There are 2 protein chains.
Amino acid sequence: MTSRDQVSVTLAQVAKAAGVGESTVSRVLRNHGSYSGKTRERVMTAVERLGYVPNRIAGTLASAGSRLVAFVIPSLSNIVFADVLRGASATLENNQYQAVFAVTDYDPAREEALVASMLAWRPAAVILAGYEHTERTIKMLRASNCRAVELLDVDGTALDLAVGFSNRAAGRQSAEFLLKRGYRRIGYVGHDIDRDTRAGKRYSSFCDTLSANGTPLADQEIYREASSVERGRLGLDRLLARTPDLDAVYFSNDDMALGGYFHCLARGIVIPSQLAIFGYNGLDLGRVMPQALSTIRTPRVAAGELAAKLIMDNASPQVVDLGFELIEGATA
Amino acid sequence: MTSRDQVSVTLAQVAKAAGVGESTVSRVLRNHGSYSGKTRERVMTAVERLGYVPNRIAGTLASAGSRLVAFVIPSLSNIVFADVLRGASATLENNQYQAVFAVTDYDPAREEALVASMLAWRPAAVILAGYEHTERTIKMLRASNCRAVELLDVDGTALDLAVGFSNRAAGRQSAEFLLKRGYRRIGYVGHDIDRDTRAGKRYSSFCDTLSANGTPLADQEIYREASSVERGRLGLDRLLARTPDLDAVYFSNDDMALGGYFHCLARGIVIPSQLAIFGYNGLDLGRVMPQALSTIRTPRVAAGELAAKLIMDNASPQVVDLGFELIEGATA
DNA sequence: TTTGTCATTGGCAGCGCTGCCATTCTCGGT
DNA sequence: ACCGAGAATGGCAGCGCTGCCAATGACAAA
């Protein structure tokens, strides 16, 4: 009885050990259909004695739908997606669903490949970020008979379900807020604007709003890489070196903004009188900074939860705008 | 041909459409065994035309081992586990493995339940955090014929594979560092010490080292909740209110330390002359703070990568100590 | 006792694929 | 023209479970 390479216990073995039929064991274990108390006891004893663990692979194949939910997310470094997963996974686990995931690195081609390989597991649903997918991705998703949830965006046309908030509105309101506070020489420090299309939407809508006000974006510093505190600090440094007279800077997210904040602290730049800072996401740490970060708080965990709930409830196709909250903070 | 509730295309249908046998289709798609060029062409055409997506559930059931790797991690909020997942998932995806995960919230009972439900998917391996598991968890893992990898710790007895670093050594070296720098009135601000057993090991080893030096821990503030920047700030506030003459504080990790740092900034406490701060993890943001955070950098992504690699290589049971790096920083 | 009802239970055909084995086809060598 | 080796291919029995249906048993009513 070596532990490696032993074949695992099967339902049939349990049935034999308990002296009942296979279907009976199945019924008892799934608590589905009827069986007597003593039968239940006999089965459970056998299960315990043999250390039986049901094989869900076989179970899924035999019954119709799988209890897998596939997440195809851009990044794990970005806390945003960890939040979404966290929100969703609790609900999923409570309903005996399993989360499967893969990381695209913001690459649509990779997303396509990963969706294909996820679909091979016949998941109950695929959860993606945003609306921008390759044609083939969309085609595959439509052809499959599984649900699709697009998260964190509502500016576009949904495939099936969508849960998020308007990045365009966020960009606009950020600009309006800064304008209302009297800032006019406004810069931008951002990341990965082509690939992170949600950040791109905020950016363009931010710029449009500024332009409409007659005070277009004064300068910008955009990086190809993923967002990070480090890039934020470096970006603000470069931006100010080039355009020292800015009075406010909009960052692509809170991580970047924190980097900018650190830069100001290090250089003795007084916030917000000398320079205002505005972020996006509303991470918890923003509230704890010596000066609370002015930002937009997005309901990421709630988005994950709702996505999971809609799937569990087999909801009809819809787009849910969860909105967001502008945090006035002390940095702008 | 409605898109919902249509039954998906099967291998048999592809075979019929291509005018070949099922096994041939299977061989072509898996590029396994021999087949002629024109057969391949016919099959691929049929696949394309029908939009066939192989069913890995069936494939896994039919063949022996699955290509699933199960992660049962304590938390997703903690960037540490996101790093581990990131490290592992790249390697896994390159080898056509799928990552499945579930979150325990640092609860051993929950871990037990989740391991059981993971095992039902007959994964190739289960990846856990640390060595502390319930007896039943261990028993199940041993009884299953899948690999187990315990991550982020090497202080204890491994089940099978383990990849990590010594938390005891980290605690000790942190204490030694502070002592070497001349600090003597040292406090601790921590989280969840019973449940996060790795943090607990650092803590106790830190305390032991201080005591051995004749300067035991002066005071401490420990929270039941998960670590966060907010708790770090609050914790330091309370700690100093009670014991104002501390000259250094050891935090359970960098998030907590950042909170402490913010508190000092807000209160005008000069770092490190008035109060020194030391963290754990070596998050990137520590390097970008106005004063680089003194901390210990752990190779989390590398641990994830190695874990994945060992599984792919079907390595024999072993414990790999990846070590860590003490960052001298400017805060202590 | 007889009959009907309903809770229990077992048997067995798949779910879609892979692995094994048998069969057929090719083609160089004789 | 014939043979043998190996390439190419098809057939089919499972993998372990679930869903359906038929069979059995128990018990109250007639």
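Residue numbers start from 1 in every chain, and the chains themselves are labelled A, B, ... in the order their sequence lines are given, proteins ahead of strands. Keep in mind that this is a model prediction, so the values were computed, not measured. As a basis for the values below, the full set of heavy atoms in this structure was taken, side chains included, without hydrogen atoms, waters or symmetry mates.
- Contact between the side-chain N/O atoms of A:S36 and the OP1/OP2 oxygens of C:dT9 is found at a separation under 4.0 Å.
- The distance between atom CG of A:N31 and atom C1' of C:dA7, rounded to the nearest whole Å, is 15 Å.
- One can place CD of B:Q13 at 11 Å from P of C:dC15, the figure rounded to the nearest angstrom.
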Derivation of the side-chain hydrogen bond (donor to acceptor under 3.5 Å, both in side chains) call for B:T134 and B:R136 | CA-CA 5 Å; B:T134 68; B:R136 234 176 78 78; over 6 Å; no
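- A close approach under 4.0 Å does occur between a side-chain nitrogen or oxygen of A:R30 and OP1 or OP2 of D:dG19.
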Please step through side-chain contact (heavy atoms from CB on, under 4.5 Å) for the pair B:V53 and A:S144, ending with a clear verdict.
-> CA-CA 9 Å; B:V53 177; A:S144 78; over 6 Å; no
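- For the OP1/OP2 pair of D:dG10 and a distance below 4.0 Å, the side-chain nitrogens and oxygens of B:T24 include at least one atom meeting the criterion.
- Closest to the side chain of B:S23, out of D:dC17, C:dG10, D:dG11, is D:dG11.
- Side-chain contact annotation: A:T60 with A:R122, donor-acceptor N/O pair under 3.5 Å absent.
- Within the 4.5 Å cutoff, side-chain heavy atoms of B:S26 are placed close to those of B:L11.
- In this structure, A:L11 atom CG and D:dG19 atom P are separated by 12 Å, rounded to whole Å.
- Within the 4.5 Å cutoff, the side chain of A:V126 has heavy atoms near those of the A:C146 side chain.
- If you find the closest nucleotide of DNA chain D to A:A62 and to B:R42, the one lying nearer the 5' end belongs to B:R42.
- For the OP1/OP2 pair of C:dT18 and a distance below 4.0 Å, the side-chain nitrogens and oxygens of B:S26 include at least one atom meeting the criterion.
- Across the protein-nucleic acid pair, A:L61 atom CG and C:dA13 atom P stand 17 Å apart, rounded to whole Å.
- The separation between A:I57 atom CD1 and C:dT18 atom C1' is 14 Å, rounded to whole Å.
- Using a 4.0 Å heavy-atom criterion, one finds that A:G37 contacts no nucleic acid atom at all.
- Of the candidate nucleotides D:dG19, D:dG10, D:dG16, D:dG16 has the atom lying nearest to any side-chain atom of A:N55.
- Of all nucleotides listed (D:dT9, D:dT18, C:dG16), D:dT18 comes nearest to the side chain of A:S63.
- At a threshold of 4.0 angstrom between heavy atoms, the contacts of A:T39 are confined to the sugar-phosphate backbone, with no base atom among them.
- Closest to the side chain of B:S34, from the set D:dT9, C:dC17, D:dC17, is D:dT9.
- Not one side-chain nitrogen or oxygen of B:Y35 sits closer than 4.0 Å to the OP1 or OP2 atom of D:dG10.
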